[in-house]
Amino acid sequence: MKKKFLSLVLAAGMTMSLLAGCGNSEATSTQSQDTQAQTAESSEETSSEATEAVAATADDVTITMMFSGVASENDFETEVLPKLIKEKFPNITLEVTKLPDDQYYTALKTKLASGECPDIILVQPKYAGSNSVIELAKAGYLMDLSDLSFLDLAGDAAKEAFTYDGKVYGVAQGVSILGTYYNKNMFDENGLEVPKTWDEFLDCCETLKNAGIQPIVMGDKDAYVMQFGLYQIAANEVYPNNASFDDQLRTGETSFEDEGTWDKVLEMYYELYDKGYVIESSLGLGAAQAIQMFVDGEAAMTFDGSFNAAALTADGKVDFERGYFPLPAVNGDTYASMAPGGGPAVYAGTQHPDEVKAILEYWFDGESPAYQAFASTGNVIITYGYGADQNDAMFDAFLDLYNQGKAWYWCNQAWPSGTENEMESLFGSMIGGQGTTVSDITSGMQMKLEELLEAN
Amino acid sequence: MRKKIAKCVLYFLLILYSVVTVMPLLIVVSSSFRTTGNMTSPLSLFIEFSLDSYKAAFTKMNYINEFINSLLTTGGSVIVIVLIATMAAYPIARIKRKSSKMLYYFFIAGLVIPAQMVIVPIAQMFGRLNIPNTRFTPMIMFITCSLPFSTFLYTGFMKGVPVEIEEVAYMEGASLWKRFSQIVFPLLKPATVSVVITQGLWIWNDYFFPMVFVTKRSQYSIPVGMIQFLGDRENPAQWNTLFAACVLCALPLILVFMVLQKQFINGIAAGAVKG
Amino acid sequence: MKKKFRGASLVMPDRMYFFVTPALVLFLVFWVYPVLQLFYYSVTNFNGVNYNYDFVGFKNYARIIQEGSLINAIKNTFIYTVIIVVGSNLLGLALAMLLNMKIIGKTVFRTMSYIPALFSAIVVGFIWSYVYMPGSGMLAALLNAVGLDGSTVNLLGNFKTALYSIAVVDIWKNVGTTMIIYLAGLQTVDESLLEAGKIDGCTEWQLIRKIKLPLISATITINVVLNVIAGLKSFDYSFIMTNGGPGKATQTLMYIIFKTAFNDQMMGKASAFSVVSFILIIAITIAMLRFMNKREVEL
């Protein structure tokens, strides 16, 4: 044993001394970057040719696609879509895999690094997440999709969210909402109505609490759910006062530490925890368990996205009617937190650009069986074509706001990826009673932001 | 009398410990035999017997397919590891030189570096060498990551094989390869058992490399297949299926362990003690 | 290098080194080179996707030293390591000693404590997520069954208990392996020494303290070292069960490296983290080995 570990020291020493010889790795890296740019260019050329020719080429091809999320029963992406694609294009086999978010990021990064990326990948709008369209497009990994014919149907907001340097690199899957799901029966039994101002909302919670009902359940063990509440508040309290708050974060004109911005948002959200409106064990609950508790009628409200609508409207232990409202603003002038949803993008190095584009054209054309199946999943809010008039009535209040232009994107879409993680960790410390204060959180977020902006 | 009391206390402690250890597993197994969605009073063990959850898990995992992938990659990796690790250990153990020592330390240094740290540069290397993603791609990393431990273990064992045997064979005109494959290698059987078991165990259970280096769903191994249940771990409505999947995932190893218990125990102990 | 001519050199010629080639090539290409590249990335601002990166000198290092997250991660990793080293070894040794006696059902007990080691970390993570779940998990149900209030169980959501709780999971999985290694060590202890001790009137405790422990000191070293390395490299349960939370309470070194690389997209900084932890792991292992070897001699 002694020998073994002496040897480790020696080996470490060797590694250090070998370090001197690694200078050439820079050359290799830049070289591989060149090749990447080249593949991107060449695929652009081929893609401008007619995509209609696809059906004619009878060669059997397999297209791979990787999405994040957890496959549900009769899942659209992993089961329904491949079947419908096969029906339309008998020579195309679509292979879809789904990984949970963290695993997805890891797999995506390594697959990009190894040049073995699936043809279709899920990207997030603007800067959101580790699979943000801007970062990936900037690095030359994505194929230009500007010439897809359905993009105009989707509208400018959807296009803009996936644009980098004037070109469109991704397809929005409808729009997604962050809102507050509530149990209508519980509200009725306690004589409550959908609150119009923040104070009314607090009164609602107080009434429910006094009636022995847990007002809000959140699965904060999966810290990302904190965004669901916080971004709703930010849409009301930050952006109406300064629409370019986030752009100015990047230039240094604004800061998370500015008074009356994020300190206010965090304070308001913390109040819900401080007063016991949010379930006390939230830090130990997972997101799925929180949804289950809401569905089982164990809490009156939960903050969640329209993308989880299917799970939140599933049958639970008790039957009740569900509603969905945007968290109201302090002054009653409420905005919705809505954004084009993440969607598919195409890997620049794909061997089958035409087939992939044909798939996307078919999937999003607004009327095909694939589009109809997509629109019927209940997890997307359709903005055009089949099903645009059949969105769940739950979403009406939001769509009204959206159509009046009273909606803001999700904050993290404008922040460098990682800022929101810092916010979640620190907010977790605050509700976990670690003595973290609101100003600790805002200064932590600002530090992280500055570091990330400098690094990228 | 005092001895008897002491013994009773000992048994009590052992049984208590076993119960604590096995309790979670018992509940998992018992719940997996319930109909999907029935998680009421999980502590009442084995009150229901249904294969519904297993059927659900079986199809959701595409079990047969994943099992074959796991078997092929684990089996293939272990065979290659045994082959090239014994080969590497042969000169290191036999040639008494500084260069052998250097090689020895060089390999062992790999032990302290976790794969998560190095995964991006490794992926870049795969890209540079144009290695495609197939079900067999993770094997390269399984083999590479097993080399430090295996070489180290084989070197230790090989030093215990008397040189005289080989000298006799040399006199009789046996070639180097023949000496290695027909005389030395068979004598290393305890070490081989140890390598096969310890390395086979982690390779079978590893989800990281297959997750990163396999793209197609049909090429997944069992542990990667398990990842898709990650969202279910906190959802009481899905537990029965999740638990059935857990059992299906561990079952092959448990069966092998039951059959080869002695080899397992000796293999693990030998690996550590000889090291 | 000086060439030593020995009788063996005819039997063991230099061309034997060809045998190393396959292993060496694999190791150099897929392990050593990538590790060296990591050293290089640690002085760049590479973000993991965009290859237009710049050399930034030791900025990444300066940053992680200034920042609190490294200290926090080191602290968590140390606590975790200490718990699993002490827990696994005390429990493993105690079990091994019990099982080394003449006991009915020895194999059954041995099998039971080893079975968790057969499970994949991801499955173990699932099972224990269920055990710890507030409200409806196994612990909560057990407490309810004995008449206590199970609804207050929230081990993973509590800053004070989360790290300990995932360390317990690690002990649960690995104590069987530790126990088997101790058992093998104990079986090498010469019975006659123990008999002699008994004749001299040693109590059971004295037998353990004065005879058994010194004789298996090498085994203790192995187990401690194995557990220390496992602790310093710990990643799985923070990743599968808690996502580093609540707050940053279960962020270990490996976890924070992973997060920095894949969520913050700062491969350069993550590489600097890696280099620091690499050095740290080696330094600790060596320091510990020195200490243990000294102890071995003293005992």
Side-chain angles (χ1 to χ4, degrees), chain A residues 1-2 5-6 8-9 12 15-16 18-19 21-23 25-26 29-30 32-33 36 102 105-106 109 112-113 130 135-136 138-141 220-223 280-286 289 293 416-418 421 424-434 436 447-448 451-452 454-456, chain C residues 32-33 35-37 39-40 44-53 55 63 67 129 132-136 151-159 162 218 221-222 225 239 242-249 251 258-266 268-269 278-279 282 285-286 288-289 292-293:
Chain A
M1 273 322 275
K2 188 180 177 184
F5 285 95
L6 253 179
L8 292 183
V9 195
T15 330
M16 306 286 185
L18 277 169
L19 191 66
C22 79
S25 60
E26 185 179 23
S29 310
T30 36
S32 72
Q33 204 259 330
Q36 237 152 42
D102 273 330
Y105 297 150
T106 317
K109 293 265 164 75
L112 289 171
S130 306
E135 288 298 339
L136 292 174
K138 209 195 276 177
Y141 285 121
D220 290 329
K221 181 155 162 283
D222 294 315
E280 206 185 333
S281 60
S282 73
L283 281 172
L285 294 175
Q289 198 190 4
M293 285 177 75
S417 161
N421 299 99
E424 292 155 13
S425 298
L426 291 170
F427 191 74
S429 305
M430 188 169 175
I431 57 181
Q434 292 305 97
T436 313
M447 264 171 62
K448 192 78 188 178
E451 184 189 3
L452 289 163
E454 196 191 324
N456 289 319
Chain C
V32 178
Y33 186 85
V35 169
L36 294 181
Q37 188 132 39
F39 277 80
Y40 174 68
T44 69
N45 64 356
F46 180 41
N47 72 355
V49 286
N50 198 328
Y51 288 85
N52 281 327
Y53 53 78
F55 178 79
R63 197 178 266 154
E67 217 172 78
S129 293
Y132 286 146
M133 178 146 309
S136 44
S151 63
T152 52
V153 174
N154 185 14
L155 291 174
L156 293 182
N158 186 322
F159 278 82
T221 309
I222 292 164
V225 171
F239 184 55
T242 60
N243 265 319
K248 298 177 177 179
Q251 290 188 348
F258 192 80
K259 274 279 170 199
T260 311
F262 292 102
N263 280 53
D264 295 356
Q265 319 215 62
M266 289 193 281
K269 191 178 163 197
F278 181 61
I279 293 167
I282 291 195
T285 321
I286 292 164
M288 197 181 51
L289 246 115
M292 302 285 289
N293 282 335

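So you know, we letter chains A, B, ... as the sequences are listed, proteins then strands, and number each from 1. Since the model is a prediction, treat every value here as computed from it, not as a measurement.
With a 4.5 angstrom heavy-atom cutoff, C/A261 touches chain A only via backbone atoms. Neither the backbone nor the side chain of A/A223 has a heavy atom closer than 4.5 Å to any heavy atom of chain C. Neither the backbone nor the side chain of A/I431 comes within contact range of chain C; no heavy atoms are under 4.5 Å apart. For C/F258, the part lying under 4.5 angstrom from a heavy atom of chain A is the side chain only.
Comparing C/P246, C/G268, C/G244, C/P134 by heavy-atom pairs within less than 4.5 Å of chain A, the highest count is held by C/P134. Of the listed residues A/A113, A/S425, A/G433, the one with more heavy-atom pairs under 4.5 angstrom with chain C than any other is A/S425.
No side-chain heavy atom of C/N154 sits less than 4.5 Å from a side-chain heavy atom of A/E280. Side-chain atoms of C/K259 and C/K248, non-hydrogen and from C-beta on, never get closer than 4.5 Å to each other. Considering only heavy atoms from C-beta on, C/K269 comes within 4.5 Å of A/E451 through its side chain.
Classified by interplanar angle (parallel below 30°, tilted 30° to 60°, perpendicular above 60°), the ring pair C/F278/C/F39 is perpendicular.
Annotation for C/M288: atom CE counts as buried by contact number, over 12 foreign heavy atoms lying within 6.0 Å.
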